Amino acid sequence: MGHPRALATLVSGLLVEKRLGAPSPAWQAAGRLLWHNGATRDASVFAGAFTDTGDWVVVHRLGGSPDGTDALGVDILAEGRPTASGTSEAAS
């Protein structure tokens with residue numbers, strides 16, 4: 001991945017604005033979360049979006065474990081996720 005900003009444009013266009021067609025089968029689904037990740041020896045990236053709210057995140061890290069990057073991305077998304085009562089998880 002050459003530039004995190006380019007990846008952010010791709011994620012928002014593909015998963016939120018839906019102007020780039022359907023995501024490839026390489027994107028994973030977990031409920032309403034669509035996500036994709038990748039890593040090299042020195043860097044890792046997580047990109048994900050909730051299909052129902054349009055909330056999305058791109059996390060790109062130099063160093064650290066790919067699992068840690070994935071966890072950070074999911075945590076960031078969960079912070080603003082509404083609960084059944086309509087309040088956000090972060091506010092609870």
Side-chain angles (χ1 to χ4, degrees):
M1 219 32 70
H3 199 281
R5 187 167 291 157
L7 180 57
T9 300
L10 173 68
V11 169
S12 64
L14 182 66
L15 302 178
V16 178
E17 298 163 3
K18 298 182 180 171
R19 59 183 165 82
L20 301 175
S24 78
W27 286 81
Q28 304 287 322
R32 293 190 172 126
L33 173 65
L34 283 177
W35 62 276
H36 190 61
N37 63 0
T40 64
R41 183 179 63 216
D42 300 324
S44 57
V45 65
F46 170 91
F50 286 117
T51 58
D52 57 342
T53 65
D55 294 339
W56 63 275
V57 67
V58 171
V59 177
H60 180 264
R61 296 189 326 154
L62 299 175
S65 74
D67 290 340
T69 302
D70 293 351
L72 181 58
V74 170
D75 288 348
I76 291 169
L77 280 171
E79 284 178 6
R81 185 95 173 126
T83 63
S85 66
T87 61
S88 77
E89 300 267 340
S92 299

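Bear in mind the structure is a predicted one, so any value in this text is a computation, not a measurement.
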* salt bridge (Lys or Arg N to Asp or Glu O under 4.0 Å) contacts touching residues 8-29 (sequence neighbours left out) -> Glu17-Arg19
* **Leu15 CG to Leu20 CG distance, which is reported to the nearest 0.5 Å** => 9.0 Å
* Atom pair CG/NE2 of Leu7 and His36 - distance to nearest 0.5 Å -> 9.0 Å
* Residue among Thr51, Leu14, Val11 satisfying side chain to side chain contact (heavy atoms under 4.5 Å, CB included) with Leu34 -> Thr51
* Structure fact -> Residues Ser65 and Ser44: closest non-hydrogen pair is O-OG, 4.1 Å
* Validation row: Leu33, Leu77 side chains within 4.5 angstrom (heavy atoms) -> yes
* To do: Hey, could you give me the CG/CD distance between Asn37 and Gln28, rounded to the nearest 0.5 Å?
  => 7.5 Å
* To do: Keeping to residues at least two apart or across chains, list the salt bridge (Lys or Arg N to Asp or Glu O under 4.0 Å) pairs with something in residues 67-76.
  => none
* Return the set of residues passing side-chain contact (heavy atoms from CB on, under 4.5 Å) with Ser24 (not counting sequence neighbours), or none when no residue passes. => Ala26, Trp27
* Could you give me the CA-CA distance, side-chain angles and deciding distance for Phe46 and Val74, then say whether side chain to side chain contact (heavy atoms under 4.5 Å, CB included) is met? => CA-CA 9 Å; Phe46 170 91; Val74 170; 4.0 Å; yes
* Can you name the closest pair of heavy atoms from Val57 and Val59 and give their distance? -> CG2-CG2, 3.9 Å
